[in-house]
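Have a look at the structure below before the remarks.
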Amino acid sequence: MNQPDVDVVVVGAGIAGLYAIHRLRGDGLTVRCFEAGDDVGGTWYWNRYPGARCDVESLDYSFSFSPELEQDWNWTERYATQPEILRYLQYVADRFQLRSAITFETKVEGLSFDEASLLWNVGTSGGEELRARFVVLATGPLSAASLPFLPGQEGFSGRIFHTSSWPHEPVDFSGRRVAVIGTGSSGIQLIPRVAEQAEALHVLQRTPNFSVPAHNWFWKDEDLADAKAGYRERRKLSWQCAAGTPYPTTVVKTFEVDEAERERIYEQRWQVGGARFPRAFADVMADRTANAQVVAFVHGKINELVTDPKVANRLMPQGYPLGAKRICVDTGYYASFNRDNVTLVDLPQDPIEAIEPDGIRLASGLVEVDDLVFATGFDAMTGAISRMNIEGRDGRQLSDTWSAGPRTVLGVSVAGYPNLFIVNGPGSPSVLSNMVLTSEQQVNWIADALKYLGEHDLAGLEAEEAAQEAWDEHCSSLAINSLMFEADSWYVGANIPGKPRVLLPYVGGLPRYMEQCALVADAGYRGFTSLRGTSEAARTSKDQDD
Ligand code: FAD
Ligand code: NAP
């Protein structure tokens with residue numbers, strides 16, 4: 001009974017899970033992966049709403065581990081659409097023969113650590129029970145939907161959608177009256193597309209968001225060929241930059257240049273478009289007065305783009321800094337409100353009282369709609385993990401361990417849960433970076449750690465409490481001056497009632513994070529206790545086959 005069925009169980013077959021299968025198998029380990037969906041892709045499998053696309057440039061939002069793959073795949077647009085990214089991930093799964101490791105339409109529902117054998121018992125929704133030496137949670141930082149339940153919703157007679165579980169068949173909104181609840185990145189991408197089709201669109205906004213135009217374009221063959229010729233250099237630079245993209249952070253501060261130059265820089269950034277806009281100056285996220293300058297610039301843009309000044313005013317974010325909520329990137333969002341068929345509902349002024357069979361009862365009266373679209377986001381970074389039943393040493397539950405906020409070492413490992421590793425988890429740079437590179441970097445760190453165990457005849461690694469405290473302090477010291485605390489965003493868990501208010505991502509940027517990871521590994525996994533297990537537990541199922 002002390003023998004594992006497999007070396008590693010990977011949970012999730014998105015970008016992180018796919019790379020984990022590839023790398024760990026390449027290291028000679030046996031791997032089983034379980035995925036709730038019926039195909040690979042993760043985020044790009046589930047979020048199929050109209051307008052869904054990446055806001056990291058396609059050339060960068062792609063795997064870097066294989067130069068051949070980089071050369072063989074041709075992206076068509078500056079920012080890839082959801083279908084194109086999904087096709088790419090399906091292609092990767094086929095090319096590297098990853099599917100044979102994956103059991104689809106199967107959730108991992110329970111994980112419990114057996115202290116005697118040092119193995120994880122893994123229970124799935126398919127009724128399978130297996131024992132693994134290691135578990136890698138590649139369950140996604142933005143995969144557990146937040147579905148507000150509004151009074152009366154069960155009696156609604158029309159269709160209900162959530163952006164993160166969009167139907168696989170195209171949804172036709174022609175001739176329909178539609179309400180969209182939520183104006184985060186998903187809502188802001190979706191709204192212009194629904195506006196083009198629907199008879200009437202009501203946008204229910206609780207908090208306005210800052211959005212920057214994407215200025216997307218299609219690659220010309222010769223430009224793509226040139227860009228790909230420099231791919232290795234581009235990647236090298238990406239690994240050196242905080243956001244994991246090949247754009248170094250400026251060191252110039254807002255008030256080091258005069259007003260005319262400031263406006264010129266903001267305008268230039270706006271014209272380039274995309275999520276880099278907040279990094280116009282080095283102090284935007286650390287200095288309120290500097291932030292107020294860029295806020296005023298965006299307010300001016302909203303005024304230019306929206307013809308009705310009252311609507312423009314209601315679309316202007318007030319009272320929180322730009323960048324404290326994830327910046328949105330759009331194609332035609334603000335202009336949608338110039339259409340006759342689009343109405344903005346300002347929920348703080350006109351709250352939802354109930355859902356009725358024919359529509360939404362607002363304080364001001366009934367808005368009749370045929371379709372209700374929730375673009376209400378996610379229980380981010382901890383949701384997918386907390387929704388699993390994970391039992392560590394002494395029967396402790398991870399959801400209890402994290403009840404006051406998640407604590408980890410490097411965002412990868414939790415004290416009391418040996419040999420359980422997290423990719424893109426809380427305490428990692430993930431959501432503040434290009435997440436293809438963060439996935440590769442974390443998986444590589446985990447795989448190197450497992451290699452180290454093999455080389456030193458060890459059965460496992462367990463994060464130490466003291467190292468967890470030190471990591472917490474390190475993360476807090478970097479975040480102390482960050483303006484991110486000043487908005488009720490998912491970055492701080494504020495979108496989920498009762499969730500502790502803790503800054504979830506690592507704000508020090510990818511290179512500094514990589515340095516910290518390297519320091520730990522180079523010091524023989526400092527901050528981790530090595531476990532010397534039974535020889536039985538250390539044997540892999542592959543050994544048994546030999
Ligand atoms: P995911 O892609 O979320 O995959 C996790 C998988 O785990 C899912 O398929 C899920 O079904 C599965 N899973 C979870 N729990 C279980 C369980 N218990 N059992 C079995 N399976 C389970 N990031 C960027 O860097 N740039 C972008 O432009 C960008 N755009 C985004 C757009 C949208 C609409 C969203 C929602 C996110 C976006 N992100 C973006 C973030 C995106 O989530 C990451 O870039 C990346 O896809 C995360 O990959 P992952 O493998 O870590 O997680
Ligand atoms: P989100 O940013 O959390 O936005 C959710 C929206 O729903 C917010 O406007 C929120 O309002 C509103 N909302 C939530 N509950 C509500 C309720 N009960 N009543 C009324 N309004 C409610 O979620 P998201 O738009 O899905 O984006 C999540 C993250 O995914 C992004 O930040 C980004 O990292 C990633 N993403 C990226 C892209 C991209 O461009 N590549 C696209 C989509 C998603 P409040 O602000 O008031 O809470």
Side-chain angles (χ1 to χ4, degrees), residues 10-20 33-37 39-49 51-58 60-61 79-80 82 85 89 103-111 124-125 137-150 162-164 180-190 204-209 211 214 243-245 274-275 317 320 325-330 347-348 351-352 374-378 380 383-385 387-388 423-425 430-439 442 487-491 494-497:
V10 173
V11 191
I15 285 167
L18 289 175
Y19 182 59
C33 173
F34 295 95
E35 166 53 54
D39 200 353
V40 299
T43 289
W44 306 104
Y45 167 89
W46 294 105
N47 294 263
R48 296 166 184 250
Y49 59 86
R53 66 168 76 234
C54 200
D55 65 7
V56 168
E57 289 170 350
S58 51
D60 305 313
Y61 193 81
Y79 297 111
Q82 171 272 328
I85 302 173
L89 295 174
T103 305
F104 290 106
E105 292 184 88
T106 306
K107 275 187 133 173
V108 170
E109 292 182 330
L111 291 167
T124 75
S125 56
L137 298 179
T139 45
L142 293 161
S143 61
S146 169
L147 293 161
F149 189 79
L150 302 171
H162 192 283
T163 48
S164 73
V180 174
I181 303 180
T183 53
S185 298
S186 302
I188 279 175
Q189 286 187 330
L190 167 99
L204 276 61
Q205 170 188 271
R206 191 163 68 181
T207 313
N209 249 300
S211 190
T245 54
Y320 72 90
K325 280 175 182 268
R326 168 67 150 71
I327 194 90
C328 302
V329 177
D330 72 274
L347 289 178
I352 299 172
F374 287 96
T376 46
F378 301 89
I385 297 172
R387 288 176 192 188
M388 249 184 277
V423 189
N424 292 326
S430 56
V431 292
L432 299 180
S433 268
N434 165 7
M435 254 186 276
V436 186
L437 294 199
T438 64
S439 299
Q442 287 197 306
D488 288 338
S489 72
W490 61 259
Y491 285 148
N495 64 327
I496 301 296

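Every number for a ligand or one of its atoms is a count from 1 in the order of the listing.
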Contact partition for [X] relative to ligand 1, non-hydrogen atoms under 4.0 Å:
X    : result
V11  : side chain
T106 : backbone
F378 : side chain
A138 : backbone
S433 : backbone

TODO: Please name the pair of heavy atoms, one in I15 and one in S439, separated by the smallest distance, quoted to 0.1 Å.
DONE: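 Looking at all heavy atoms of both residues, the closest pair is CG2-OG, 3.8 Å.
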- [ ] List in chain and number order the residues that pass ring pair (Phe, Tyr, Trp, His ring centres under 6.0 Å) with W490, two or more places apart in sequence or in another chain; answer none if no residue qualifies.
- [x]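 So W490 forms no ring pair (Phe, Tyr, Trp, His ring centres under 6.0 Å) with any residue.
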Task: Partner set under ring pair (Phe, Tyr, Trp, His ring centres under 6.0 Å) for Y19, not counting sequence neighbours - done: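 Per chain and number, Y19 pairs via ring pair (Phe, Tyr, Trp, His ring centres under 6.0 Å) with F65.
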Open item on the list: Test of understanding: with side-chain hydrogen bond (donor to acceptor under 3.5 Å, both in side chains), list the residues that count as partners of S125, not counting sequence neighbours.
Closed with: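 Scan of S125 (side-chain hydrogen bond (donor to acceptor under 3.5 Å, both in side chains), adjacent residues dropped) gives none.
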Task: A52 heavy atom under 4.0 Å from ligand 1 - done: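 No, that is not the case, since the closest heavy atom of the residue is not under 4.0 Å from the ligand.
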Task: Sub-4.0 Å heavy-atom contact, V423 with ligand 1 - done: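 The answer is no: ligand 1 sits nowhere under 4.0 Å from a heavy atom of V423.
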TODO: In plain terms, say whether R206 and D488 are close enough for a salt bridge, that is, a side-chain N and a carboxylate O under 4.0 Å apart.
DONE: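 A salt bridge is absent here (no side-chain N lies under 4.0 Å from a carboxylate O).
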Task: Neighbour list for ligand 2 [protein residues, heavy atom under 4.0 Å] - done: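 Under the 4.0 Å cut-off, ligand 2 touches Y49, R53, C54, D55, L142, P148, I181, G182, T183, G184, S185, S186, Q189, R206, T207, K325, R326, L347, A375, T376, G377, F378, W490.
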